[in-house]
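We number each residue from 1, following the sequence as shown. Numbering of ligands and ligand atoms starts at 1, following listing order.
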Amino acid sequence: MRNLRSIGIVAGLALSVSVPALNAFASERTVPPAPALFPAEGKISYVPRDSILEFKALPEYHEPDWVTQKYVKTGKLPPVKDRLPKEPLVFKTANMPDGIGVYGDTMRHVIGGRPEGWNYGAGQTQGWGGIDIGLSECLTRTAPLFQVEAKDTEPLPNLARSWDWSSDGHKLTMRLIEGAKWSDGAPFNADDVMFYWDDEVVDPNVSPLNGATQETFGIGTTLKKIDDYTVEWTFKEAFPKQYLYAMAYGTFCPGPAHILKPQHPKYSKNTYDQFKNAFPPEYMNMPVMGAWVPVEYRPDDIIVMRRNPYYWKVDEKGNQLPYLNELQYKLSTWADRDVQAVAGSGDFSNLEQPENFVASLKRAAEANAPARLAFGPRLIGYNLRLNFSANGWGNPDERGQAIRELNRNDDFRKGVTMALDRKALGDSLVKGPFTAIYPGGFSSGTSFYDRNSTVYYPFDLDGAKAELAKAGIKDTDGDGFVNFPAGTAGGKNVEIVMLVNNDYTTDKSLAEGVVAQMEKLGLRVVLNGLNGTQRDASQYSGRFDWLIRRNDQELTSVVQNTEQLAPVGPKTSWNHRAPESGEVDLMPFEKDLVDIVNKFVSSEDNDERASLMKNFQKISTEHVYNVGLTEYPGALIINKRFSNIPQGTPIFMFNWAEDSIVRERVFVAADKQAKYELFPEELPGKPGDKGPMD
Ligand code: GLA
Ligand code: CA
């Protein structure tokens, strides 16, 4: 047994078997087996944080020639130097993998989501897949930090060009980029920032898309305007530098106050619903600070975005970015995104659904393959989340309430996790070295992961049944499914409704696997499969017993969305929130988790932070806070004609690859440019106008 560990590499795939897992009695807790190596992992070359960008004026500025000819010379647009801020954001050439680019071409995305509208700050999705990332600019930016050594990591400046802490660490003064404009030419300033804060984040009737609340920035945190280009934060803790991450995508990306404010109930006769829906998908040319502006929408067909003539970032030669004139978003399915990217009819995919791995790898290995495919670290994972609110979040009925009580029972969760055959779950998605045993907690690919702090209860069906019995649920009527005790929910079979996102094959496969495995345990689970938008709505309002959730940044980066690790505020956790009125009813071990997160946020000592997170991992996996299902690496698929794609870009870490590759710097060399632009030589029109400028 012992030497199994040293069994070597077979056909390039390492088979690794953990000794403790084999020697221990199945039901004894242990650490998860060491994950197998997988082929083709791209290597990242690390760079210092300050080598990426700076803010400064350049002697001259340039734009695509057709913009000068068609728009500036005809007086439709001011000259480029007058459209740029005094000191634009300058990307340093040395950090650009292929250097200064040329203008032209488009990136053809394919997505499975559908747009609800353009009011991101009021909670509307644009269909994901990086559309909103291309429209939004945020106070800070974190996606490119995957290439910065963890010890050097602090968010990059963006709309906030610099910041200073007061000597006691309770105040943070941020200077905004000066003289930058929205894509319609209106000035960007502190009023936009304050509208987002006061009327979207702090206003309890509005929930921005990625769920920012005041607590996202710390309990009691306030923000005020000092002047047009300065805002000041006040925090209860001293030096909570962690919140600089919350000021990045997707929790601090202000929308255009000059367009939004007149529709907000505080300044109009609108209801909150009318405000939210004031900018439906058909509304074109919504002003943005991002590099591209939506100019065309055809339902279930396509969204087209054209270059923002007021974009405030340049390269070192003074070329206004982006290099790509257009972004296309074909409205299809997520699985089709992989298929089209490898086939060359699409340009980009985050290969994240293992069901497509084998076919994609095969196609990408062919000599004439149109796209590159490169795996990153094992950062895509799935958890089963249990609704822990026993005091009314989502208004459960008697059955639902009884499930919440079970979810809060340690023996019950242990039974559930021990009944999961994770090897079988992983293999049902894809055979081979990709998927790994994942008990829950942090992804094994993050720098904060520590295997020895990870508690794993191995697969053991008999042991699992004994745990359910300890939790007081037995099959009293002999139909194979455990019942509630007499006196609870009528002593009926325990029936759990599990929320799942129907837009993804992987989510559905995992959900079906869980249902089948729970059936062997004697636990009846029924699926509530909804499309992404409806699913999110059910989750945010607490209408679920269990849910399948793809891991978010708090588990893949730890520093991004840290507040989502535990219920540090009434609405920060995915599966444990406060009811309309009331507080989060924390379990004792959750209080420990909340304390750890709060300490982590206010600590500046890297060693202390690492040890806090080891402890977090230990407590959360020991108590089965999330029930891990599987984890595996994702691969970036990108058409070979694109330049400036950093090597080894993970598809997900601080943010999705659509942001990590820094699309505004991506270009297509002149001899590789294709004629894919749908609106060549067109620029966005006025807000609300149909289509581009004429
Ligand atoms: C969806 C996709 C991801 C990524 C994000 C970007 O969630 O599944 O791969 O494209 O959108 O927001
Ligand atoms: Ca029964």
> Where does the angle between the aromatic ring planes of F375 and F357 fall among parallel (under 30°), tilted (30 to 60°) and perpendicular (over 60°)?
Replying inline: perpendicular
> Below 4.0 angstrom, N of the basic side chain to O of the carboxylate: do R298 and E296 qualify?
Replying inline: yes
> When you check the gap from the basic side-chain N to the acidic O, do E467 and R413 get nearer than 4.0 Å?
Replying inline: no
> Taking N or O atoms only and a 3.5 Å limit, does W334 qualify as a polar contact for ligand 1?
Replying inline: no
>> Taking 4.0 angstrom as the limit and counting only heavy atoms of N350, give me the atoms of ligand 1 inside it, by number and element.
In response: 3 (C), 4 (C), 9 (O), 10 (O)
> Is there a nitrogen or oxygen of W128 sitting under 3.5 Å from a nitrogen or oxygen of ligand 1?
Replying inline: no
> With a 4.0 Å heavy-atom cut-off (strictly under), which part of R550 contacts ligand 1: side chain, backbone, both or neither?
Replying inline: side chain
>> Quick one, P377 and P650 - any side-chain contact, counting heavy atoms below 4.5 Å?
In response: yes
> Which of the atoms of ligand 1 are close to E352, meaning less than 4.0 Å from one of its heavy atoms?
Replying inline: 2 (C), 3 (C), 8 (O), 9 (O)
> I133 to ligand 1: N or O pair under 3.5 Å?
Replying inline: no
> Would you call the rings of H109 and Y329 parallel, tilted or perpendicular, where under 30° means parallel and over 60° means perpendicular?
Replying inline: parallel
> What protein heavy atom sits nearest atom 12 (O) of ligand 1, and how far away is it?
Replying inline: G129 N, 3.6 Å
> Are F434 and Y632 near enough that their ring centres are under 6.0 Å apart?
Replying inline: no
> Is atom NZ of K520 surrounded by more than 12 heavy atoms (other residues, nucleotides or ligands) closer than 6.0 Å?
Replying inline: no
> Are any of the side-chain heavy atoms of W546 and R385 separated by less than 4.5 Å?
Replying inline: no
> Taking only protein atoms, how many N, O or S atoms are found under 3.0 Å from the Ca ion (ligand 2)?
Replying inline: 6
> Is the count of non-hydrogen atoms from other residues, nucleotides or ligands lying under 6.0 Å from K571 atom NZ greater than 12?
Replying inline: no
> Got the closest protein heavy atom to atom 1 (C) of ligand 1, with its distance?
Replying inline: Y504 OH, 3.3 Å
>> Side chain or backbone, does E658 bring an N or O within less than 3.5 Å of an N or O on ligand 1?
In response: yes
> ligand 1 and R337, any nitrogen or oxygen pair closer than 3.5 angstrom?
Replying inline: yes
> After noting the C-alpha distance and the side-chain angles of F252 and Y245, does the key distance pass the ring pair (Phe, Tyr, Trp, His ring centres under 6.0 Å) rule?
Replying inline: CA-CA 9 Å; F252 212 116; Y245 289 88; over 10 Å; no
> For D536, what residues pass the side chain to side chain contact (heavy atoms under 4.5 Å, CB included) criterion, not counting sequence neighbours?
Replying inline: W128, Y540
> Going by the atom numbers of ligand 1, which of them fall below 4.0 Å from some non-hydrogen atom of G130?
Replying inline: 6 (C), 12 (O)
